[in-house]
Number of protein chains: 2
Amino acid sequence: MPPRKKSAAPATGAPVSMADLARELGVSMTTISRALSDHHSIGPEMKRKVLKLAKKYNYQPNRLASALRKGRSKLLGIIVPYIEGRFFARVVHGMETAARQAGYHVIICQSNEEEAQERRNIEALLNLQVAGILTSVARTTRDYQHFDQVTERGVPLVFFDRRPDERPVHAVVLDDQEGGYLATRHLLQQGCRRVAHVAGPQYLNIYRNRRLGYLQALQEAGIPPDEALISYGDMSQEAGAAALRQWLKLPAPPDAVFAAGDYAALGVMEAALSSGLAVPGELAVVGFSNETFTVISKPAISSVEQRCEEMGQAAVRLLLELIEADGSVLGPRQLVLHPELLVRASSQRLEVSAAPKETKPRRK
Amino acid sequence: MPPRKKSAAPATGAPVSMADLARELGVSMTTISRALSDHHSIGPEMKRKVLKLAKKYNYQPNRLASALRKGRSKLLGIIVPYIEGRFFARVVHGMETAARQAGYHVIICQSNEEEAQERRNIEALLNLQVAGILTSVARTTRDYQHFDQVTERGVPLVFFDRRPDERPVHAVVLDDQEGGYLATRHLLQQGCRRVAHVAGPQYLNIYRNRRLGYLQALQEAGIPPDEALISYGDMSQEAGAAALRQWLKLPAPPDAVFAAGDYAALGVMEAALSSGLAVPGELAVVGFSNETFTVISKPAISSVEQRCEEMGQAAVRLLLELIEADGSVLGPRQLVLHPELLVRASSQRLEVSAAPKETKPRRK
DNA sequence: TTGTATGCGTTATCAG
DNA sequence: CTGATAACGCATACAA
């Protein structure tokens, strides 16, 4: 192979290093390094010259070398259960945007909801010397010591949406209870008196909290909860439909349903319509997650918006704060985001006088 | 700060280096390095000892140092216009999966459809010494020299879905023309004779090709194309609705519509239904992209599935091939994936005797 | 204000 | 089969 040329020349796409620039200018590498990082001890004269030459040769710093030297890279690791769902895709969108603005880049890993994969991802990210890690715990994770390993190594860790319970961790979460409360209260305000609930797996805190919010709203309205009106399932469309069919057999069937997920809400609604029930007239329905199809379905489904992008951005901001604090942060930092109820046709019983369809039409 | 301890001890989460292991075992770093990378010139005895110690101290290699030394990392850069859409999220899912299986990690960047951002992303990825780059060109990109820069630096580059026209690049794309052809032919086979087309911006090759497929099917059936039956727009739901309203004013309105996107198809369908037209009875509709809502809408919308995950995996496989070939690949490598028409209710005019709703029910 | 020297953790090239 | 040594490109403590 051809020997390295003496004078820096961008003939081919050859990478130019600081040493090359130093040689060319007849100064030391230190000067170059300082000039490029805008160190105060460099004369404006020199600075100009260095920058000019750097531009001329299109100098590009080797971030890896820099990271190796400094012991920390400008990389953030993200571990999500899966990326193709709408929720995580939107969160990652917010994260990438916030990270980029701060000069960081993000490495995406998927755990596929498996603890073992999560463990491997953590290890790999640490080996890549990431500056911090953002993660949403896999469904199957029961043991959390691989997360402890992260903080023990001095790498900041922020959980988002799904966090380990009862552990003092940094986290950004949605107030799911508030979401459940808002949805249920809204149904009660529409005049409904027997509000049923399609609940998700209770070992997941998000579903537990949505259910708590449901109960809170009932209690506030002085309505005793009725376990017969709560259906536990996997939140699928079919689960929602099945739940409704059961409820219709009751002596006093519900006049409203709050489903902890949009697919279940859709299932409820379709089962209702095909049983000849009017929606929202005889059965009002609210879902959760603001999936794309909620706007499109007939009638459009009211739903709780989770502010995914904000969650992503907030998580990155918190992580960067921890990174810059460099271990001097004491207690766990928590950030709770507030959900937003989007009222659409499926729950709109009372005629709203000249009001827009969605209470807060913030989306484009 | 406390001085580095002499003997490697995992008291805190202190990173253990090869030097630590070497000291502990009383051998040289070279031996450690070789034993860990399973070099042939290391005795099985020694190998065992090293591996045991590495496990004991939970040694983790510093990938950055390795990459710096070898001049290439195990990182792949991905640049997508945006990650939160279903299409790119699914593609990235396929990419991450394939990359992980090969021991690589992926860095995600978004261009936000802006050429300037695309340029910055490329620069940043090169500075991170990625082993290769996967990208889908931003809408606004007119100048391609930032891509040339990548290959000039010796870094393999693979385009997916959106590729620069007329340039000899490595690319994995969907056969959009075939998609348009399949959709249109299917409508003709259903007995439709006046098939209209909602087309997208023609400066994007994907929409151009879908339109070509449409024309091809017409020609094959001996039906002369009618420009009055082609509507050009932004593929929004409203654009689809507007197109249909226009067509209904024609002396001979269409009896079928192939829309180059699902949202437009939905718009067409809803406009038709609200004009009292029966779907598929009086107007058959086929969309493109297999969006989630197509299954959910009433009637369910027939659509062309793009095999996003396969595209992502294929792109990664091609990229890895180029990386391992180390510049010895001559001409541009092309890979064309075949779309799949999913026939649902919106286009099903003829009764299919005891056939499943979707022709090839491959999805779960 | 600038330069010298050293090390970050790994791998490759020698020589033994 | 193993070891000493020199890089990779950058950043900093220290000296001038």
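Only a predicted model underlies this, so the values are computations on that prediction, with no experimental measurement involved. All values below come from the heavy atoms of this structure, side chains included, with hydrogens, waters and symmetry mates left out. Every chain is numbered from 1, with letters handed out A, B, ... down the list of sequences.
- Distances shown here put a side-chain N or O of Ser28(A) below 4.0 Å from the OP1 or OP2 atom of dG3(C).
- The nearest heavy atom of DNA chain D to Ser41(B) and to Ala65(B) marks one nucleotide each, and the one closer to the 5' end goes with Ser41(B).
- Nucleic acid contact for Thr30(B): base, since at least one base atom lies under 4.0 Å from a heavy atom of the residue.
- We find that NE2 of His39(A) is positioned 14 Å from P of dG3(C), with the value rounded to whole Å.
- Atom CZ of Arg333(A) sits in a sparse spot, with 12 or fewer heavy atoms from other residues, nucleotides or ligands closer than 6.0 Å.
- Residue contacts shown for Arg63(B) are absent, as no nucleic acid heavy atom lies under 4.0 Å away.
- At whole-Å resolution of the value, CE in Met18(B) and C1' in dT11(C) are 8 Å apart.
- Between Ile323(B) and Tyr104(B) the shortest heavy-atom distance is CG2-OH, 3.9 Å.
- Out of dA11(D), dT11(C), dG3(D), the shortest distance to the side chain of Arg69(B) is found at dT11(C).
- Between the CG atom of Leu128(A) and the P atom of dG9(C) there is a distance of 15 Å, given to the nearest Å.
- With rounding to whole Å, Leu64(A) atom CG is found 17 Å from dC8(C) atom P.
- Using a 4.0 Å heavy-atom distance criterion, Gly71(A) is classed as making no nucleic acid contact.
- Between the P atom of dC8(C) and the CD atom of Gln129(A) lies a distance of 13 Å, rounded to the nearest Å.
- With hydrogens and angles ignored, no donor-acceptor pair under 3.5 angstrom links the side chain of Ser33(B) to the base of dA12(C).
- Protein atom CD1 of Ile32(B) is 17 Å distant from nucleotide atom C1' of dT5(D), rounded to whole Å.
- Residue Thr31(A) places no side-chain atom within donor-acceptor reach of the base of dT1(C), judged by atom type and a 3.5 Å distance cut-off alone.
- Regarding Leu68(A), its CG atom lies at a distance of 8 Å from the C1' atom of dT10(C), rounded to whole Å.
- A pairwise comparison of heavy atoms in Val173(A) and Met311(A) identifies C-CE, 4.1 Å as the closest pair.
- Met46(A) comes within contact range of the sugar-phosphate backbone alone, with a heavy-atom separation under 4.0 Å but no base atom that close.
- Between Tyr59(A) and dC10(D) there is a side-chain polar atom (N or O) within less than 4.0 angstrom of OP1 or OP2.
- Taking atom CG on Asn127(A) and atom C1' on dT10(C), their separation rounds to 13 Å, with Å as the unit.
- Of the N and O atoms on the side chains of Gln313(B) and Thr97(B), not one donor lies less than 3.5 Å from an acceptor on the other residue.
- Taking only distance into account, the side chain of Arg34(B) meets the base of dG3(D) through a donor-acceptor pair shorter than 3.5 Å.
- For the residue pair Gln117(B) and Asn112(B), no side-chain donor N or O sits within less than 3.5 Å of a side-chain acceptor on the partner.
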